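Have a look at the structure below, then the notes.
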There are 2 protein chains.
Amino acid sequence: MSSEGGIPDPHRDAPRGRGARGRGRRPTRGGGRRPGQSDTREQILNAALELFATKGYSGTTMRGIAKQARVDPALIHHFFSNKEGVFQDAVAARVDMAALFDSLGEENLDSVAKGPGAWVARTFLSYWEDATTRPAMVAVYRAGLSDEAVAHVFRERIEDAFATCLRRIVPQHADRAPAFASLVSAQLAGLVMLRYVLQVEPLASLDFDELMDWLTPSLEVHFDRAAQEEGARGTEEG
Amino acid sequence: MSSEGGIPDPHRDAPRGRGARGRGRRPTRGGGRRPGQSDTREQILNAALELFATKGYSGTTMRGIAKQARVDPALIHHFFSNKEGVFQDAVAARVDMAALFDSLGEENLDSVAKGPGAWVARTFLSYWEDATTRPAMVAVYRAGLSDEAVAHVFRERIEDAFATCLRRIVPQHADRAPAFASLVSAQLAGLVMLRYVLQVEPLASLDFDELMDWLTPSLEVHFDRAAQEEGARGTEEG
């Protein structure tokens, strides 16, 4: 991988600290629990993540999660009340792109000016290139797309992530989610779907730097045009 | 919608004739069946399509399809043997992008030279803008992504469609699926996912012409660069 520009290191930039083996990535909600409870909860969440990733949302049952986690089903109901609750904590809360974009330091933003498209792509894809965060991302895609029941969760998270990202890099668009941002977001969503979720060739085996070489100019087109329109509007108004 | 360039009419360009209400889009396999059998089969396929689209692949059972179609479950096993067979005929065979690209007349290809990116996007998106073909497309995405069991079917269809598309518009790349084609394919796949499947705003409500205005320059970047590299290679070799 190229060091030029640098893939943001999710372990450094992530909003919350992470323990060994990629555990402990969920929000600090309920931080006062005793270790025993917390371990069981984590065990359930890991089992759920695995099932959501391989069987989708509809194919995953509370009973199946209990079996996979080797705990009593009643315990899962006690912790999460229903399947949507488990999904929220096992998958959605572990892949918080909005928090990622929000947590980035000012020093990171300096490199944005050079190429916002490249920066967004590298930041976003860093989550996918990292083998410890990829399974949760795949699970979000699979479960979030599998049926209407959780599609709204997925939709809201995508809208959130891009609104947050835009606030950081193009603050003049903060009040609304502009068309061009949707298209950037669609481009990245499609890329991860084909490269990491479905593993369509030759995209799946493409070297990361070659991928960025092809991707970046196509993304910058959106930002360049948005900037031009901004400039034209400024001249008209002035 | 703009008449410039023209969205290919799937009803005109589609590889097979279609009856009223979007029925009869599957291959002519088993064309010798008696009408009664064919109606029941079609009834099962329509029920299956609806379930795959709303519940995903894992969430759809043979028993559920039987109930939805109001037929005896044994009949479904008789026609299709297993769930993958039903999925193949109900969903995959009805959304044959490879056949679509393959069926396009030479006259259509004249407009390709002006802008291959715009042409591919319009041809592909025409299937999605059409309310009669959209449900099957959504079902392919949902079911194809929901779990590993059918992901390979989806993956192969995407690879096929783009190989066929490329053979028509950039025959010099016919021997391999080049990197740039993967990226075009990812961009379109992501767009339909966010606009039609998840309905992320503002992309979902974006006027089709405005969508094309934003999308086209970003797609043409890939084709322009591919052409440049082709030219450079030709010069080196010559």
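Note on naming: letters A, B, ... go to the chains in the order of the sequence lines (proteins, then strands), and numbering restarts at 1 for each one. This structure is a prediction, so every number in the text was calculated from the model and none was measured.
In terms of modelled atom types and a separation under 3.5 Å, the side chain of A:Thr216 and the main chain of A:Met212 share a donor-acceptor contact. A distance-only check finds no donor-acceptor pair linking the side chain of B:Ser205 to the backbone of B:Pro202 [under 3.5 Å].
Between chain A and the residues B:Leu198, B:Val221, B:Leu211, B:Thr60, the largest count of heavy-atom pairs under 4.5 Å involves B:Leu198. In terms of heavy-atom pairs under 4.5 Å with chain B, the best-connected choice from A:Leu215, A:Leu188, A:Val200 is A:Val200. Most heavy-atom pairs under 4.5 Å with chain B: of the set A:Arg225, A:Met193, A:Glu220, this distinction falls to A:Arg225. Of all the listed residues (B:Leu191, B:Leu219, B:Val192), the one sharing the greatest number of non-hydrogen pairs under 4.5 Å with chain A is B:Leu191.
Not counting sequence neighbours, the partners of A:Phe223 by the ring pair (Phe, Tyr, Trp, His ring centres under 6.0 Å) test are A:Phe180. Not a single side-chain hydrogen bond (donor to acceptor under 3.5 Å, both in side chains) links A:Ser185 to another residue, sequence neighbours left out.
Using a 4.5 Å cut-off between heavy atoms, B:Leu206 touches chain A through its side chain atoms alone. With a threshold of 4.5 angstrom between heavy atoms, A:Asp224 does not approach chain B through any atom at all. Interface remark: A:Glu210 contributes side-chain atoms only to the contact with chain B (heavy atom separation under 4.5 Å). Of the atoms belonging to A:Leu203, heavy atoms from both backbone and side chain fall under 4.5 Å from chain B.
Across all non-hydrogen atoms, the minimal contact from A:Val86 to A:Ala48 is CG1-CB, 3.5 Å. Taking both residues in full, the closest heavy atoms of B:Arg134 and B:Trp128 are given as NE-O, 2.6 Å, listed atom of the first, atom of the second, then distance. Nearest heavy atom pair, residue A:Asn82 against residue A:Gly85, reads OD1-N, 2.9 Å.
Interface with chain A: from residues 63-71 of chain B, no residue qualifies, criterion being any non-hydrogen pair under 4.5 Å.
The CE atom of A:Met62 lies 9.0 Å from the NZ atom of A:Lys83; values are rounded to the nearest 0.5 Å.
Applying the salt bridge (charged side-chain N to carboxylate O under 4.0 Å, His left out) test to pairs two or more places apart or on separate chains, those with a residue in residues 190-200 of chain B are B:Glu129-B:Arg195.
Ring geometry for B:Trp214 against A:His222 counts as tilted: the plane angle lies between 30° and 60°, on a 0 to 90° scale.
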